[in-house]
J.: 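Below you will find the structure I want to go over with you.
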Amino acid sequence: MSLQIGDIPTDTFVIDLEWVGSGSSAQVIEIAVLCIGTAEVFHHRCASMCSTDAQEKVRLQMSATESIAPILGPVELFSRLLSWVDANRRGDCEVYFIAHNGVRFDSTVLLSNMQRCNVWVPLAWYMLDSLAHARYHARYREKLDGYDLSTLCTHFEVPADADRRHGALYDVHLLHGMLQALASTWGVPYISGYAHAVHLVSPMVVHGIGPTICNALGYTDLADLC
């Protein structure tokens with residue numbers, strides 16, 4: 001499913017997750033979601049199920065980002081997220097999340113954490129990748145020094161406070177600002193690209209399999225690719 005968004009639809013959400021660990025064992029410690037249509041924000045921290053050392057890392061990270069979001073248990077966190085998304089979308093329309101490098105990372109971490117909590121992942125949830133979006137449009141316009149969020153913000157003159165980076169709430173608003181600046185500067189859609197179902201593991205998780213190959217193959221999940 002490919003998607004080009006000009007006028008941003010109601011059911012588009014910018015999302016950022018912070019976590020500790022890696023792969024299927026990664027533990028979400030903070031989540032922020034901005035609904036483009038309603039301007040409402042979902043922001044919570046997650047009670048860690050990690051080791052003592054990991055919990056200390058979480059405590060230090062939260063202190064550094066000045067996060068004041070309420071702390072919830074993981075089951076309650078994702079249950080509330082489901083309800084909040086439903087309350088901020090139109091009927092039964094598909095939901096599109098946007099995250100930077102979100103298909104390879106945020107999407108898989110969100111999926112594994114929700115499955116671990118036995119919280120249902122809606123079939124209508126899709127992930128769009130702002131990194132792939134920026135890289136695709138840059139190739140026809142100019143060579144950039146990199147495509148990480150900090151470099152893109154510098155290029156498009158979006159103010160960014162390095163000391164507040166990697167706090168979910170701050171990064172969600174920063175990504176939204178960068179996408180607006182990119183669209184305004186280059187005259188491109190706010191977001192574009194190949195939408196990946198969150199409840200499936202994307203082929204883009206495999207090293208070397210990018211959105212162009214996924215689109216050519218027509219596969220929406222890793223099982224089909226295998």
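In this chain, residues are counted from 1 in sequence order. Quick caveat, the model's predicted, so the values are computed rather than measured.
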J.: Counting N and O atoms only, with roles assigned by atom type, does the side chain of T185 sit under 3.5 Å from a partner on the main chain of L182, one being a donor and the other an acceptor?
T.: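 Not confirmed, T185 side chain does not pair with L182 backbone.
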J.: Which residues pass the side-chain contact (heavy atoms from CB on, under 4.5 Å) test with E142, not counting sequence neighbours?
T.: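 E142 satisfies side-chain contact (heavy atoms from CB on, under 4.5 Å) with L144, H155, W186 only.
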J.: Please identify each residue that fulfils side-chain hydrogen bond (donor to acceptor under 3.5 Å, both in side chains) with W120, with sequence neighbours left out.
T.: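 Listed in chain order: nothing, the list is empty.
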J.: For V41 and H173, what are the C-alpha separation, side-chain angles and deciding distance, and is it a side-chain contact (heavy atoms from CB on, under 4.5 Å)?
T.: CA-CA 10 Å; V41 173; H173 287 290; 4.2 Å; yes
J.: side-chain contact (heavy atoms from CB on, under 4.5 Å), that's the test. Do V188 and R141 meet it? Break it down for me.
T.: CA-CA 11 Å; V188 299; R141 289 167 177 82; 3.3 Å; yes
J.: Just so I know, are the side chains of H199 and M114 near enough to count as touching, which here means a heavy-atom distance under 4.5 Å?
T.: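 Answer no - side chains too far apart.
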J.: Quick one, L110 and V28 - any side-chain contact, counting heavy atoms below 4.5 Å?
T.: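 A side-chain contact under 4.5 Å is absent here.
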J.: Could you pull out all residues at least two apart from H100 that satisfy ring pair (Phe, Tyr, Trp, His ring centres under 6.0 Å)?
T.: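 Counting only residues at least two positions away or on another chain, H100 forms no ring pair (Phe, Tyr, Trp, His ring centres under 6.0 Å).
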J.: Please tell me if the side chains of L149 and C153 come closer than 4.5 Å, counting only heavy atoms from C-beta onward.
T.: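 Heavy-atom side-chain distance check passes, below 4.5 Å.
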J.: Decide if the gap between the ring center of F78 and the ring center of H44 is smaller than 6.0 angstrom.
T.: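 Between H44 and F78, which both carry aromatic rings, the centre distance is not below 6.0 Å.
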J.: Counting distance only, does the side-chain N/O of D129 pair as donor-acceptor with the main-chain N or O of N101 below 3.5 Å?
T.: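 A pair under 3.5 Å: yes.
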J.: Are any non-hydrogen side-chain atoms of Y194 and V103 less than 4.5 angstrom apart?
T.: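 Not touching, per the 4.5 Å side-chain cut-off.
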J.: Are the side chains of Y96 and I191 in touch, meaning some heavy atoms are under 4.5 Å apart?
T.: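 Heavy-atom side-chain distance check fails, nothing below 4.5 Å.
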J.: Kindly compute the distance separating CG (L200) from OH (Y126), expressed to the nearest 0.5 Å.
T.: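 L200 atom CG to Y126 atom OH measures 8.5 Å (nearest 0.5 Å).
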J.: So, applying side chain to side chain donor-acceptor pair (under 3.5 Å) with E30, which one of H43, R45, H166 is it?
T.: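 Among H43, R45, H166, the one that satisfies the side chain to side chain donor-acceptor pair (under 3.5 Å) with E30 is H43.
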J.: Would you please name every residue forming a side-chain hydrogen bond (donor to acceptor under 3.5 Å, both in side chains) with S79, sequence neighbours left out?
T.: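 In terms of side-chain hydrogen bond (donor to acceptor under 3.5 Å, both in side chains), with neighbours along the sequence ignored, S79 is linked to no residue.
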J.: Answer yes or no: is there a donor N or O on one side and an acceptor on the other, between the side chain of Y147 and the main chain of A138, under 3.5 Å?
T.: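 A pair under 3.5 Å: no.
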J.: How many angstroms lie between OG in S25 and CG in N113, if you round to the nearest 0.5 Å?
T.: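 Result: 9.5 Å between the selected atoms.
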J.: Please name the pair of heavy atoms, one in A47 and one in I71, separated by the smallest distance, quoted to 0.1 Å.
T.: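 Heavy atoms of A47 and I71 come nearest at N-CG2, 3.7 Å.
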J.: What is the ring orientation for F13 with F97, classed by angle as parallel under 30°, tilted 30 to 60°, or perpendicular over 60°?
T.: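 The arrangement is tilted - the two ring planes meet at 30° to 60°.
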J.: Within a radius of less than 6.0 Å around CG of D145, do more than 12 heavy atoms belonging to other residues, nucleotides or ligands occur?
T.: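 No, CG of D145 has 12 or fewer neighbouring heavy atoms, counting only those of other groups under 6.0 Å.
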J.: Taking salt bridge (Lys or Arg N to Asp or Glu O under 4.0 Å) as the definition, give me every residue that meets it alongside D86, ordered by chain and number, with sequence neighbours left out.
T.: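 Residues passing salt bridge (Lys or Arg N to Asp or Glu O under 4.0 Å) with D86: R89.
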J.: How long is the straight-line distance from CD1 of I98 back to CG of D106, given to the nearest 0.5 Å?
T.: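 It is 12.0 Å, given to the nearest 0.5 Å.
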J.: If you take all heavy atoms of A168 and I31, which pair is closest and at what distance?
T.: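 A168 and I31 have their closest heavy atoms at CB-C, 4.1 Å.
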J.: Counting C-beta onward and ignoring hydrogens, is there a side-chain heavy-atom pair between S192 and H137 closer than 4.5 Å?
T.: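 Yes, their side chains come closer than 4.5 Å.
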J.: Can you give me the closest heavy-atom contact between S202 and H196, atom names plus distance?
T.: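 Minimum heavy-atom separation between S202 and H196: OG-ND1, 2.8 Å.
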J.: Taking it one step at a time, do I36 and L34 satisfy side-chain contact (heavy atoms from CB on, under 4.5 Å)?
T.: CA-CA 6 Å; I36 302 301; L34 167 66; 4.2 Å; yes
J.: Does a side-chain heavy-atom distance below 4.5 Å link V172 with F42?
T.: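 Answer no - side chains too far apart.
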J.: Say you draw a straight line from NE2 of H176 to CG of D171; how long is it, rounded to the nearest 0.5 Å?
T.: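 Separation between the atoms: 14.5 Å.
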J.: Show the nearest heavy-atom pair for residues L179 and S130, with the distance to one decimal.
T.: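 Minimum heavy-atom separation between L179 and S130: CD2-CB, 4.0 Å.
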J.: What residues, two or more places apart in sequence or in another chain, satisfy side-chain hydrogen bond (donor to acceptor under 3.5 Å, both in side chains) together with D148?
T.: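 Once residues adjacent in sequence are excluded, the partners of D148 under the side-chain hydrogen bond (donor to acceptor under 3.5 Å, both in side chains) criterion are T151.
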J.: Any side-chain heavy atom of R139 within less than 4.5 Å of one from Y136?
T.: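 With C-beta onward as the side chain, the pair touches.
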J.: Heavy atoms only: give me the nearest L77-C46 pair and the separation to one decimal.
T.: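 The pair with the smallest heavy-atom distance is CD2-CB, 3.7 Å.
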J.: Nearest heavy-atom pair of P203 and I209: which atoms, and what distance?
T.: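 Of all heavy-atom pairs spanning P203 and I209, the closest is O-CB, 3.3 Å.
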J.: Does the side-chain contact (heavy atoms from CB on, under 4.5 Å) test come out yes or no for L175 and D16, once each step is laid out?
T.: CA-CA 9 Å; L175 177 55; D16 185 75; over 6 Å; no
